Every structure is written in structure tokens, then in C-alpha cells.
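These notes concern the structure reproduced below.
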Amino acid sequence: MSEPLSRRKMITAGLAATVTGVAGLTAAERIAHRYGLIPPDSGGVWGPGETLTYAAQRLLMSHHSMAREFNRSDISKAIPVSGEPPSAGLYKELLESSFRNWRIPIDGMVARPASFSIDELKRMPMSSQITHQACEEGWSFIAEWHGVQLSHVLNLVGVSAKAKYVVVNAYDENWDSLDLADAFHPQTFLTYGLNGDDLSTRHGAPLRLKVARQLGYKSVKFLSRITVTDSLKNIGSGKGSLSPDYGYSWYAGI
Ligand SMILES: Nc1nc2c(c(=O)[nH]1)N[C@H]1C(S)=C(S)[C@@H](COP(=O)(O)O)O[C@H]1N2
Ligand SMILES: [Mo]
């Protein structure tokens, strides 16, 4: 274990030395490139900045650093909602039949593509977390989320050694992706419950992603499909999620 640690120290030192000036960004970017730390939305004017944030987080924090977990007494009284449930006809049909016909396919670079119903997901080992979710618009809340670790499901289907990202699609136009460090992180859940109840429609029924270490927008609601891939270039505008199209970064670490 000493080799990767000392290498991380070295890269971190390199990054720290270059953070100070605009000229330094190029050097930081070069270091990030060399160690595969370039986020998919690094192309635009703000690209070098995004690269630095993502690379710095990845290097300064271990891949398994945990978001803070709270007590039940800390759970917020009011839980805000962002947006409306999908208007797509298909979603409405699924909702009307209480999601009995809903299944989530997991495909792409996996050994055993599969699809799961909510009951099948609920029979997998349940995990819960009481964590803080912050929206980029400034509001936040603490809630208890129940679900299955994404890593559990990924291990069931068998992720290819060449894979790099997990892409999630939703019944609205939203979509996003995680690198494998975040996809396999123990606090990254496929979530079907909130504060002891089934997930309500407005909070993402029947299944949403929960990514504890990133802003709320990474926790995609109304999941329709999960795809494992080695490249994000040909998906949407090629920047890893919908967010960069709206001026927000793909990596939303907090
Ligand atoms: N499919 C989908 N997922 C989504 C969104 C959305 O509009 N569609 N909004 C995101 C944003 S911006 C936030 S802050 C959180 C809010 O989660 P909540 O409505 O459960 O509070 O959901 C995220 N997940
Ligand atoms: Mo948000």
C-alpha cells in the first residue's frame, strides 16, 4: 500500500504548488491528465478549473472517505422537493400500476446484463444513511435514505475491468454518470425509501440514486436504466451529464 500513498502525496504536492496562478493551471492539468484525473466536462473555458477541483478532491481525499452521517434527531422537519415528476406517458403508466411493471435494466460493459424489480432490489441487503443533501440553489435537508448499495448490484452483474463510468438515465430528460470510485463508494445507494417510507413520487419513485458526497443534482430521481461504459463521449453532449449544458459541473463534490 505504500506505493500508491506516496504517489498520491507526490501528485498532491505537485497540484498544490500549481494552484496559485493561472499559468499553473496548465501544469495542474498536465498532472491530472497523466494520472487519469480529467473529468468529462473539462473541455470548455472553465475546463482547467473543473479539472483542478476533481483532481484535488480525488487526490486529497481517499476514495473511501465518507460523508458525515447524522442521528435520527437531526432529521429535517420539512423536506423540500426539486421539480415535478416526469410528464412522460410511460412514467405515468408505471405510476398508475404502482410500479408493478417497473424494472431497472443494467447493461453495457457488464458480464451478466440483468434487470431488477423493486421487490427484487428490496430483497438485497438493505443499507440506510442519514445524510445531508444540498441543492445547488442553496437549500438543503437531512434525511434517512434506505436502499441497496450500488456496488452490490454492480457486483451482481460483474463490471468489466475496462469500464470507467456508470451512467444513469431517468424517466425525465435528466441523466448523469459516476466514475467507478463514486459508483462503488459505500454511501452510493440505489434508494427506494425515505424516512422509513417508500420513496414518494416527488422524491424520485420508485428508485433514485443517492450520492452522499456530491450536490443534490447528482442524486438522480426516477431511474429508468443503468449502463456501464468506458467512455462518455457519445452520450448527450459528451460531458458526462446534463449539468454541464446548464453551467454546472459534472463533478459536484462537497
Ligand atoms: N430525474 C431527476 N432527478 C433529479 C432532479 C430532476 O429534476 N430530475 N433534480 C435534482 C436536483 S437539482 C436536486 S437538488 C435533487 C432534489 O431531490 P429532492 O427533490 O428529493 O429534494 O434531485 C436531483 N435529481
Ligand atoms: Mo438541485
Side-chain angles (χ1 to χ4, degrees), residues 41 50 53 67-70 74-95 99 102-106 118 121 127-148 150 153 165-179 182-183 185 187-227 232 235-237 239-254:
D41 57 344
E50 299 303 350
T53 310
R68 180 177 170 194
E69 302 219 8
F70 295 81
D74 299 318
I75 290 175
S76 304
K77 301 263 174 321
I79 302 182
V81 166
S82 151
E84 294 296 323
S87 54
L90 186 52
Y91 184 80
K92 286 185 180 153
E93 278 171 35
L94 290 165
L95 174 62
F99 300 109
W102 176 96
R103 294 183 77 80
I104 184 121
I106 305 185
I118 280 294
L121 293 169
S127 298
S128 295
Q129 58 174 285
I130 303 174
T131 47
H132 182 246
Q133 178 170 296
C135 174
E136 76 291 351
E137 289 171 356
W139 48 269
S140 69
F141 61 89
I142 292 169
E144 182 168 19
W145 303 91
H146 319 279
V148 55
L150 178 58
V153 177
Y165 303 100
V166 175
V167 178
V168 292
N169 285 284
Y171 281 97
D172 58 10
E173 69 288 353
N174 198 13
W175 69 279
D176 215 310
S177 64
L178 301 173
D179 65 15
D182 272 324
H185 186 274
Q187 289 170 314
T188 298
F189 289 7
L190 292 176
T191 304
Y192 47 70
L194 173 58
N195 289 342
D197 285 323
D198 280 346
L199 204 57
S200 69
T201 312
R202 304 195 72 197
H203 285 293
L207 190 75
R208 80 181 294 170
L209 195 63
K210 180 69 209 157
V211 185
R213 295 186 309 171
Q214 297 198 42
L215 286 173
Y217 65 75
K218 276 320 250 196
S219 292
V220 175
K221 309 197 269 192
F222 325 111
L223 293 185
S224 62
R225 183 178 168 192
I226 298 172
T227 304
L232 301 165
I235 309 176
S237 51
K239 292 176 180 159
S241 68
L242 202 60
S243 305
D245 296 345
Y246 294 92
Y248 293 102
S249 54
W250 168 79
Y251 187 72
I254 41 178

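Order of listing sets the numbers, starting from 1, for every ligand and every atom in it. The basis for the numbers below is simple: all heavy atoms, side chains too, and nothing from hydrogens, waters or symmetry mates. Owing to the predicted nature of the structure, the values given are computational and were not obtained by experimental measurement.
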Output yes when a side-chain donor or acceptor of Trp250 lies under 3.5 Å from a complementary backbone atom of Ser177, and no otherwise.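 At least one qualifying donor-acceptor pair exists.
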Could you tell me whether the side chain of [Y] reaches within less than 4.5 Å of the side chain of [X], counting heavy atoms only?
X: Leu178; Y: His185; result: no
X: Leu215; Y: Tyr248; result: no
X: Thr201; Y: Tyr91; result: yes

What ring-ring contact (aromatic ring centres under 6.0 Å, His included) pairs are there with at least one residue in residues 192-215, not counting sequence neighbours?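 Counting only pairs at least two positions apart or across chains, no ring-ring contact (aromatic ring centres under 6.0 Å, His included) contact touches residues 192-215.
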Hey, which residues fall under 4.0 Å of ligand 1 on heavy atoms? Pro80, Val81, Ser82, Gln133, Cys135, Glu136, Trp139, Phe141, Ala170, Asp172, Asn174, His203, Arg208, Gly216, Tyr217, Ser219, Val220, Lys221, Phe222
Euclidean distance, Gln214 CD relative to Glu136 CD, rounded to 0.5 Å: 12.5 Å
